[in-house]
Novice: 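Pasting a structure here, questions to come.
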Amino acid sequence: MVTSSRFECYLERARPRIDATLERLLPTARSEPKKLHQAMRYSVFAGGKRLRPALCLLASESVSGRTAAALKPAAALEMIHAFSLIHDDLPGMDDDDWRRGRPTNHRVFGEGIAILAGDALLSLAFETLSRASLHRGGDPCRLLETVCEATGPSGMIGGQAMDLLFEGKRVPIRQIYAMHRRKTGALLKGSLRLGAQIGGAGAAQLRAFDAFGERIGLAFQIVDDLLNVRSTRTRLGKSAGSDRARGKATAPRRVGVEAAEREAARLLGQAARIAPRLGRRAPEFESLAVFLLHRTR
Ligand code: GRG
């Protein structure tokens with residue numbers, strides 16, 4: 001019998017609350033412009049794991065024992081994530097037809113509406129963050145700063161640009177990891193920082209969250225690249241083997257599957273050793289490191 005880890009149990013419990021918050025924040029599919037709202041909802045409610053919002057909630061709970069103030073900011077992270085996937089799949093980027101076992105947003109709604117659905121999700125995310133109600137005199141500007149840093153040129157957008165520029169080139173592994181830290185790692189790390197800030201973490205605890213986030217963020221993308229090599233489309237819900245076909249710069253392609261696996265395990269081992277410094281939910285964070293190493297989608 002396969003038993004779920006502590007982190008998976010937390011994720012299962014958090015998901016309905018995250019979904020309900022997203023449901024309240026997103027425009028209904030019946031309001032105009034219907035096609036735009038349908039496209040936004042198509043990608044947000046497509047069976048994603050809700051990892052980023054769950055990390056935000058877990059960090060807030062770990063610091064303060066509370067999650068209520070983190071719920072809307074957590075939902076904003078999922079909107080940004082959905083936005084990035086819609087744009088990542090576009091013909092001008094990775095040109096993918098499948099995501100989470102369904103046709104990609106632009107395949108269903110057309111390229112123009114897919115671009116706008118992504119843009120609208122990003123704007124709605126920042127609107128949501130700007131309205132965050134924080135206890136103990138917390139400042140929503142600090143939250144915006146965290147998320148802007150995670151998504152901007154030094155975060156996700158910068159990493160996506162490196163990803164495009166590296167295509168078809170033989171890039172040193174150091175630069176591949178620098179790209180991964182930005183493209184994927186920055187939003188995961190930022191999700192933890194956001195939750196910790198909402199919980200009222202002090203400087204030392206924020207540094208511990210950053211150190212943990214740095215490692216799980218990079219390891220997450222290495223594992224994603226390994227899945228792209230090893231898995232099938234049915235299992236992943238998106239195109240497998242596409243990195244090789246597009247000449248993507250990835251760790252398994254640059255240093256080999258075994259060395260990439262060792263690096264992911266090394267980073268997640270380090271993360272597990274930092275976990276005890278992350279507050280009352282330390283066991284869930286430790287379990288997260290194991291979950292990320294063994295995930296299959
Ligand atoms: C303006 C924020 C912003 C971004 C635009 C398109 C783009 C720049 C960035 C794309 C970044 C990207 C697609 C990174 C890949 C991250 C990744 C491995 C996603 C898969 O995450 P999971 O496994 O997905 O959490 P689910 O389906 O579970 O939600």
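Worth knowing before you read on, the calculation uses all heavy atoms, side chains too, and leaves out hydrogens, waters and symmetry mates. Whatever order the structure lists them in is the order used to number ligands and atoms, beginning at 1.
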Novice: Show the atoms of ligand 1 that are less than 4.0 angstrom away from any heavy atom in I157.
Specialist: 1 (C), 3 (C), 4 (C), 5 (C)

Novice: Tell me which one of D224, T184, L85 gets a heavy atom nearest to atom 19 (C) of ligand 1.
Specialist: L85

Novice: Quick one: does NZ or CZ of R295 land under 6.0 Å from the six-membered ring centre of F220, within 45 degrees of the ring axis?
Specialist: yes

Novice: Report, in ascending order of atom number, the atoms of ligand 1 lying under 4.0 Å from any heavy atom of G48.
Specialist: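 Answer, ordered by atom number: 26 (P), 27 (O), 28 (O), 29 (O).
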
Novice: May I ask you to check if ligand 1 and E78 share an N or O to N or O distance below 3.5 Å?
Specialist: no

Novice: For ligand 1, indicate whether the residue Q221 contacts it via side chain, backbone, both or neither (heavy-atom separation under 4.0 Å).
Specialist: side chain

Novice: Test of understanding: given a 4.0 Å heavy-atom threshold, classify the contact between H81 and ligand 1 as side chain, backbone, both, or neither.
Specialist: side chain

Novice: Donor-acceptor check, side chain of S62 to backbone of L278, threshold 3.5 angstrom: yes or no?
Specialist: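 Checking the backbone N and O of L278 against the side chain of S62, a donor-acceptor pair under 3.5 Å is found.
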
Novice: Of D243, N228, D163, which is the lone residue that meets side chain to side chain donor-acceptor pair (under 3.5 Å) with K248?
Specialist: D163

Novice: Applying the 4.5 Å side-chain criterion to the ILVMFWY set and letting contacts propagate, would L288 and I274 be lumped into a single cluster?
Specialist: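 L288 clusters together with I274.
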
Novice: Can you name the salt bridge (Lys or Arg N to Asp or Glu O under 4.0 Å) partners of R244, sequence neighbours left out?
Specialist: none

Novice: For R100, is at least one N or O under 3.5 Å away from an N or O on ligand 1?
Specialist: yes

Novice: Side chains of Q197 and R142: is there a donor and an acceptor less than 3.5 Å apart?
Specialist: no

Novice: Nearest to atom 10 (C) of ligand 1 by heavy atom, Q160, K49, H87, R52: which?
Specialist: Q160

Novice: Which one holds for R297 and ligand 1: side chain close, backbone close, both close, or neither close, with close meaning a heavy atom under 4.0 Å?
Specialist: neither

Novice: Is there a polar contact between ligand 1 and T151, counting only N or O atoms under 3.5 Å apart?
Specialist: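 Checking ligand 1 against T151, no N or O pair falls under 3.5 Å apart.
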
Novice: For residues 56-83, which residue pairs pass the ring pair (Phe, Tyr, Trp, His ring centres under 6.0 Å) check, not counting sequence neighbours?
Specialist: F83-H87

